[in-house]
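A short worksheet on the structure shown next.
Computed from a predicted structure; not experimentally measured. Heavy atoms only: backbone and side chains are in, while hydrogens, waters and symmetry mates are out. Chain letters run A, B, ... following the sequence lines, proteins first, then strands; residues in each count from 1.
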Protein chains: 2
Amino acid sequence: MMTEENKNDYILEDQIGFLMRLINQRHANIFAAHINESLTPTQFSVLVKLKQLGACSQNLLGRKTAVDVATIKGVVERLNKRGYIRTFPDIKDKRRILIELTEQGLAVIEDAIELGRKITEETLKPLKKSEQKILLKYLKKIT
Amino acid sequence: MMTEENKNDYILEDQIGFLMRLINQRHANIFAAHINESLTPTQFSVLVKLKQLGACSQNLLGRKTAVDVATIKGVVERLNKRGYIRTFPDIKDKRRILIELTEQGLAVIEDAIELGRKITEETLKPLKKSEQKILLKYLKKIT
DNA sequence: AAATATTTATTAGTATACTAACAATATATT
DNA sequence: AATATATTGTTAGTATACTAATAAATATTT
């Protein structure tokens, strides 16, 4: 039987979902403080992946960065408008829009990646190196 | 000096920020699968905290749930429209709007909390109980 | 008491993040 | 070849989540 005590022991601050939201907020702050070119974390991820993949479809880019099809459209639109990427039609598949980094986009993301290392480092700073490894290992398991 | 290899070893999938986004997505899916009353995680947090605090200002409620002032307004508006909370003016401080759970809201959140336990459990399921404790401990440290 | 600063709530604007419905194209099946 | 299925991209709608500017009320300082 459920006692009064049991009923009241739901501590919001101990729940993984709530904790993740707090950490996301802290990470977003650290991110914004480091990144000069005012990229969002999502835009950063998309540019990193685009550098790694080379020219690819909007759809694939979204899948590789875990950005859904409706969201990737706006992200690509804004990065395009700012001159970091360009788009062109795929001749072999008329459904597709191909996307690639511009020279400027490449320069921006190469700089940003170096800042990205610092962002990760600062986010994990409260933990020892050994603890950081364990944390990342466990986080990957619940992905 | 930075070698070619060093330059290319930025693995997006190993970064805390990217991992958190993936886990948030998985958690949101688990959350939506369990919660009947179609609450969002944010709405859930707000109702849990409101139950715990009792009547309080919109501003305090936002601070206690880490929802900023601009966002809490919409959250409160929607919960109000659905009849889960009611608002009334604070006589002692005319700036404030006080908020409290309705009977319906209390019933909804009491049910939802039981589901919340299962949501946390399922999110952490890939880890052993001992690993879960360590993960939460480390996550709290980087909050 | 008057001036200053802080707190609370609102509004407008931007950027994710998702669902659902849709159209166009490509692929697989019969 | 014709039909059915799957993929790609777009659009509309909802809900966070944030910044910055504003207004009203309260608290603090002088």
Side-chain angles (χ1 to χ4, degrees), chain A residues 17-18 20-33 35 37-47 55-82 84 87-99, chain B residues 17-18 20-33 35 37-47 55-82 84 87-99:
Chain A
F18 190 78
M20 300 275 291
R21 204 152 64 78
L22 297 187
I23 297 167
N24 264 335
Q25 289 175 346
R26 174 161 167 271
H27 178 262
N29 284 336
I30 294 170
F31 191 96
I35 293 284
E37 290 286 340
S38 76
L39 294 173
T40 66
T42 300
Q43 290 169 351
F44 174 85
S45 294
V46 165
L47 293 179
C56 72
S57 76
Q58 181 175 294
N59 197 278
L60 179 62
L61 187 55
R63 282 204 308 277
K64 292 290 190 179
T65 51
V67 177
D68 76 288
V69 288
T71 304
I72 193 71
K73 190 190 185 296
V75 176
V76 162
E77 192 176 277
R78 285 181 284 277
L79 290 173
N80 193 12
K81 197 171 289 177
R82 286 166 67 178
Y84 295 167
T87 64
F88 55 99
D90 185 337
I91 306 168
K92 285 179 289 188
D93 187 338
K94 290 177 195 166
R95 294 170 304 182
R96 288 199 177 108
I97 298 174
L98 294 181
I99 301 169
Chain B
F18 189 79
M20 300 275 292
R21 204 152 64 77
L22 297 187
I23 297 167
N24 264 335
Q25 289 176 347
R26 175 161 166 273
H27 178 262
N29 284 337
I30 293 171
F31 190 97
I35 293 284
E37 290 287 339
S38 76
L39 295 173
T40 65
T42 300
Q43 290 169 351
F44 173 85
S45 294
V46 165
L47 292 179
C56 72
S57 77
Q58 181 174 295
N59 196 277
L60 179 63
L61 186 55
R63 283 203 308 277
K64 292 290 190 179
T65 50
V67 176
D68 76 290
V69 289
T71 304
I72 193 72
K73 189 190 186 297
V75 176
V76 162
E77 192 177 277
R78 286 180 284 276
L79 290 174
N80 193 11
K81 196 173 291 176
R82 286 165 69 177
Y84 295 167
T87 65
F88 54 101
D90 185 335
I91 306 168
K92 285 179 288 189
D93 187 338
K94 289 178 195 165
R95 293 170 304 182
R96 289 198 176 108
I97 297 172
L98 294 181
I99 301 168

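Note: H27(A) NE2 to M20(B) CE = 8.0 Å, rounded to the nearest 0.5 Å.
Residues I99(A) and N80(A) are not in side-chain contact: their nearest non-hydrogen atoms beyond the backbone lie 4.5 Å or more apart. At a threshold of 4.5 Å between non-hydrogen side-chain atoms, the residues L98(B) and K92(B) do not count as touching.
Across all strands shown, T71(B) has heavy atoms under 4.0 Å from base atoms, whether or not it also approaches the sugar-phosphate. Within the nucleic acid shown, D93(A) comes within 4.0 Å of sugar-phosphate atoms alone, with no base atom in reach, counting heavy atoms only. At a threshold of 4.0 angstrom between heavy atoms, the contacts of I97(B) are confined to the sugar-phosphate backbone, with no base atom among them.
The separation between R95(A) atom CZ and dT25(C) atom P is 10 Å, rounded to whole Å. Between K94(B) atom NZ and dT10(C) atom C1' there is a gap of 19 Å when expressed in whole angstrom units.
Listed candidates were dA9(C), dT11(C), dT19(C). Nearest to the side chain of A70(A) is dT19(C).
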Please set out all donor-acceptor pairs under 3.5 angstrom arising from side-chain atoms of residues 61-71 of chain A, sequence neighbours excluded.
unit_1, atom_1, unit_2, atom_2, d
R63(A), NH1, N59(A), OD1, 2.4
T65(A), OG1, L61(A), O, 2.7
T65(A), OG1, G62(A), O, 3.3
D68(A), OD1, T71(A), OG1, 2.6
D68(A), OD2, A70(A), N, 3.3

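In this view, E37(A) satisfies the salt bridge (Lys or Arg N to Asp or Glu O under 4.0 Å) rule with no residue, not counting sequence neighbours.
Taking the nucleotide of DNA chain D with the nearest heavy atom to each of D68(B) and P41(B), the more 5' of the two is matched to P41(B). Residues V69(A) and I91(A) both approach DNA chain C. Their nearest nucleotides, taken by heavy-atom distance, put V69(A) toward the 5′ side. Each of K92(B) and N59(A) was matched to the nucleotide of DNA chain D holding its nearest heavy atom; the match closer to the 5' end belongs to N59(A).
With a cutoff of under 4.0 Å to any heavy atom of chain B, the contacted region of DNA chain D is bounded 5' to 3' by dA15(D) to dT26(D).
The two residues Y84(A) and L47(A) have their closest heavy-atom pair at CD1-CD1, 4.2 Å.
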